[in-house]
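Here, residue 1 is the first one in the sequence, and each next residue gets the next number.
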Amino acid sequence: MKIVLFILGSLLVFLPLVTIAVRRLTGASARHALMGNIAMFCGLFLITAVCGFGGAASAAAPETAAAASSGMAEGLKYIAAALAVGLSGIGGGIAVASSASAALGAISENDKAFGKALIFVGLAEGVALYGLIVALLLLFV
């Protein structure tokens with residue numbers, strides 16, 4: 001059973017490469033590739049969750065059950081930290097991309113708008129820093 005799960009997990013990791021190759025050959029939109037990547041991530045996440053809960057439920061001795069549950073909590077802590085950094089980085093990148101392009105347009109029309117534009121770009125970048133701080137709090141507190 002573990003071999004099948006390992007093969008399935010490996011397939012889900014490398015399947016987005018197939019969607020990228022198909023997109024390059026057919027010229028399909030990037031939306032389908034993005035949805036495929038999201039589906040593969042969710043599938044892999046479900047497989048790891050099932051394996052984690054299955055390992056904790058099938059423990060024979062109470063000592064191993066306690067060790068398995070602490071291992072599960074440790075693993076979920078790392079997943080939460082990774083999601084905090086990753087999603088805040090993506091959100092910050094999207095925010096900086098839109099605010100920086102608008103700021104450059106505003107600065108090209110009026111040089112006095114530089115200070116305000118810099119503040120908005122800095123605020124958008126702060127989202128990623130907040131995600132990093134949350135991840136550090138999750139890991140070390």
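Heavy-atom minimum distance, Ala84 versus Ser88: O-OG, 2.7 Å. What you find for Ala135 and Val85 is that their closest heavy atoms are CB-CG2, 3.3 Å.
Two residues are said to be in side-chain contact when any heavy atoms from C-beta on lie closer than 4.5 Å; Tyr78 and Leu138 fail this criterion.
Going from atom CZ of Phe140 over to atom NZ of Lys77 covers 8.5 Å, rounded to the nearest 0.5 Å. Atom NZ of residue Lys116 and atom CG of residue Asn110 lie 8.5 Å apart, to the nearest 0.5 angstrom. Note that CG of Leu139 is 8.5 Å distant from CD of Glu74, once rounded to the nearest 0.5 Å.
For the side chain to side chain contact (heavy atoms under 4.5 Å, CB included) criterion with Ser99, the lone passing option out of Val121, Leu104, Leu123, Ile119 is Val121.
Note on Ile94: it does not cluster hydrophobically with Leu87, by side-chain heavy-atom contacts below 4.5 Å among ILVMFWY residues. Hydrophobic clustering (ILVMFWY, side-chain heavy atoms < 4.5 Å, transitive): Ile133 and Val141 are in one cluster.
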